[in-house]
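Quick caveat, the model's predicted, so the values are computed rather than measured.
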Amino acid sequence: MLKRTLLCLLACALVCCAAAAETVPPMPTPPPALQSFTADLVLYYNPDGGQKYHLDPSCPSVHARYLPLSGQFIYAQLTGEPYAALQPCAFCGAPQPPVTEAPALDMPAAADYLPAPFGVTTWRGDSFRTNAAVGTLPEAPTGLALVWQAETGVRPGSGGFPDAGFSWYSQPAIVKWPVEVRRSMALTEEARNTTALKEVIFASLDGSIHFLNLADGTATREAIAVGQPMLGAVTLHPLAYPLLMAGQYVRPSVTTGSGLRWYDLTDGGLLYAFDGRVGEELSGAFNTSALIDRSTGAALSLSKDGYLYLQPMQPGFFATGSRELTMAVSFNPPFWTKLTDGSETVTSAPVAYGSRLWFGTSRGRILCADAVTKERLWSAQLSAQGGVINSLAMELTDDGHLLLYAGVSTNAGTQPIPMQLTCLDADTGESLWTCKVFDDLGLFYAGTLAACAVGENALDGLVFFTLSNVRTDGRRSPGLVLALDKATGGIRWQHEMPGECRSAPVAVYTADGHGWIVQTDEDGCMVLLDGLTGKRVASLLLEGGRWSSPAVFGDMLVIGCCVYVDALPAGGRIYGVRLTGSETTE
């Protein structure tokens, strides 16, 4: 069923310049503004050379001498001759032609996912999930300075355990909106008038999506009350359209469903929603963050139940005579297919290139599939005892080879597992090297819980992994940051953290290419490490636990956590930290 709505936004060219309650509300019905277009819907056009078809026979976008439009046909005839050559009129909201086949997918490489570096718009920043940072540091950082903090709420959870704060699957989005888009948004007056506003967008376990000014942490608009906890990162459109995609998480005991939603960031309204429960599945949760192919308009998402969703999106522009542009967005129900076996689950955000995607599963496998043909191309078993629960990272080498970086985590903490970090040939699944760090990990939630970071510039020869609950030299070392040689898997350096590490590392660079790694542990210890040597440059202690993964824009880092009272979540907190050139904070 084709659905549409109107929203204000900027033309694409401007971008290049600039844990749930037991009773969970069902997926909402999209608001009345999202009309359903039936086969017998009458459409209108000018038979005397008209190039568009219209929903309104007296559409104001047509010259008055042709009104009312004399030509007409029904929606079911739209794909046949001579009507197939006509284009929809966005001014009166004419529907896009019906989509009967899965959309083409041609996901670009990491460097081309965004046409311009205007923000961090999805989990780990791009289609290869390489790093959650954009921009460069003005100078070599020597300190970490807390600039601001903001509070988030708490919601009742299942079993008396409240939902609040963020998980390590969480990560803020940060976007510098083009001025025309900012003018069309329902921002606070101060935010709308802020030059070069950079907005932090953070989905929380408290059931809301929060919006903050990167500079000072003040609210830029009202939070969107989704009503269900969100574990994963939101996804924004890579062309800076004010469109946001958010998936919801439910605990296994909850059977009332979850799903995926699209929101209009001009007013915070719901545009489209679909329930992720299909077949016999009872979860429907989305822990992963979607990707959007800006060339074809297709959105790719992966549910916890192992279903691939490929959703067509069809935008069209028109001018209203004002300084703003308006676009009609048509949403079609997603095409879906099951990619995993049985109860095998997916919390690993997919990486994608062309029509292919790669992801890890709870059974220790990495799967490669074609999103268009829905075929599984290969499967690689990394571990028979552990799972690949966080996202892979991918790299396209200068000689055209696709490399996958992955690690294993414990599933249930009942059996010790060998700890290995692996590089695979993404085309074949062949292992190119394996780094065996420890012989066994017997603790619950141990191993590579965090996503890795792929080095660039001066760090180009390195890939950075973070391990949690590991043992070294017969003693417990809660967290460990490792820099591995991309060519051999050899350990170039390692840095021990005082607490468990589930938050992903982030790499930051100066304009001349020198790089540093920022890592946070579960006790709130944040460290700044020299990327080449692992030497600690600075540290900062923040209050909280259950930390999210960070995102960086320029020299500002944003990260979220949970605040506990009597061992129960009592709220969330978001911190804004500046990577400074000032005196160290150690």
Side-chain angles (χ1 to χ4, degrees), residues 7 9-10 15 18 114 117-126 132-135 148-153 165-167 169-178 181-182 184-188 191-192 194 196-226 228-248 260-271 286 288-292 299 349 506 548-554 556-561 572-576:
L7 55 133
L9 47 77
L10 178 68
V15 177
L114 299 179
F118 67 90
V120 179
T121 64
T122 188
W123 169 254
R124 306 300 291 165
D126 55 50
V134 67
W148 54 262
Q149 65 183 52
E151 309 297 322
T152 61
F166 308 89
S167 80
Y169 297 116
S170 301
Q171 174 211 286
I174 309 175
V175 59
K176 180 181 177 181
W177 295 111
V181 173
R182 193 175 77 239
S184 72
M185 289 179 168
L187 299 169
T188 64
R192 188 180 297 107
T194 298
L197 173 70
K198 301 178 185 71
E199 191 172 35
V200 176
I201 305 176
F202 220 156
S204 171
L205 285 164
D206 69 2
S208 294
I209 302 172
H210 302 273
F211 301 86
L212 306 172
N213 188 329
L214 177 65
D216 57 17
T218 57
T220 53
R221 64 177 92 196
E222 290 187 12
I224 296 176
V226 177
Q228 291 196 40
M230 289 162 283
L231 271 179
V234 301
T235 294
L236 301 172
H237 200 286
L239 292 177
Y241 304 157
L243 298 172
L244 179 147
M245 204 175 185
Q248 288 75 58
L260 198 65
R261 293 168 168 85
W262 284 92
Y263 287 96
D264 174 358
L265 291 186
T266 63
D267 58 11
L270 177 69
L271 291 175
F286 288 81
T288 69
S289 180
L291 293 169
I292 300 173
V506 63
S548 76
S549 293
V552 177
F553 196 121
M556 280 295 296
L557 177 148
V558 180
I559 192 169
C561 68
R573 186 167 295 159
I574 304 173
Y575 290 105

### Task
Please assess Val134 against Val552 for the test side-chain contact (heavy atoms from CB on, under 4.5 Å), listing each intermediate value before the final yes or no.
CA-CA 6 Å; Val134 67; Val552 177; over 6 Å; no
### Task
Check the pair Ile201 / Leu236 against side-chain contact (heavy atoms from CB on, under 4.5 Å), numbers first and verdict last.
CA-CA 9 Å; Ile201 305 176; Leu236 301 172; 4.0 Å; yes
### Query
Between Leu212 and Thr218, is a side-chain contact (heavy atoms from CB on, under 4.5 Å) present by the stated rule, with each step listed?
CA-CA 5 Å; Leu212 306 172; Thr218 57; over 6 Å; no
### Task
Would you please test Arg124 and Gln171 for side chain to side chain donor-acceptor pair (under 3.5 Å) and show each step?
CA-CA 8 Å; Arg124 306 300 291 165; Gln171 174 211 286; 4.9 Å; no
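Residue Glu222 holds its CD atom at 10.5 Å from CZ of Phe211, rounded to the nearest 0.5 Å. Of the inter-residue distances, the one linking Ser170 atom OG with Leu231 atom CG reads 6.0 Å to the nearest 0.5 angstrom. Of the inter-residue distances, the one linking Thr194 atom OG1 with Asp216 atom CG reads 8.0 Å to the nearest 0.5 angstrom. Atom CZ of residue Arg192 and atom CZ of residue Arg221 lie 9.5 Å apart, to the nearest 0.5 angstrom. Atoms CZ and CD1, on Arg573 and Ile559 in that order, are 13.5 Å from each other to the nearest 0.5 Å. The structure places OH of Tyr169 at 13.5 Å from OG of Ser289, a figure rounded to the nearest 0.5 Å.
Considering Leu265, Thr220, Asp264 as possible partners of Met185, the one that fulfils the side-chain contact (heavy atoms from CB on, under 4.5 Å) test is Leu265. Checked options Ile292, Leu243, Thr288, Leu260; the residue passing with Thr235 is Ile292 (criterion: side-chain contact (heavy atoms from CB on, under 4.5 Å)).
Side chains of Leu557 and Val506 form a contact here, defined as non-hydrogen atoms less than 4.5 Å apart. Annotation: side chain of Arg261 is in contact with side chain of Gln228 (closest heavy-atom distance under 4.5 Å). Taking the side chain as every heavy atom from C-beta outward, Phe202 and Ile574 approach each other to under 4.5 Å. Thr121 is not listed as a side-chain neighbour of Asp126, based on a closest heavy-atom distance of 4.5 Å or more. Inter-residue side-chain proximity for Leu271 and Tyr263 is flagged as unmet; no heavy-atom pair is nearer than 4.5 Å. Looking at Leu205 and Met230, their side chains never come closer than 4.5 Å, going by heavy atoms from C-beta outward. Within the 4.5 Å cutoff, the side chain of Phe118 has heavy atoms near those of the Val175 side chain. With contacts defined as side-chain heavy-atom distances shorter than 4.5 Å, the pair Leu244/Ile209 qualifies.
Scanning for ring-ring contact (aromatic ring centres under 6.0 Å, His included) contacts around Tyr575 gives Trp547, with sequence neighbours left out.
Glu199 and Arg182 are not joined by a salt bridge, as no carboxylate oxygen comes within less than 4.0 angstrom of a charged side-chain nitrogen.
Heavy-atom neighbours of Glu151 CD from other residues, nucleotides or ligands within 6.0 Å: above the threshold of 12.
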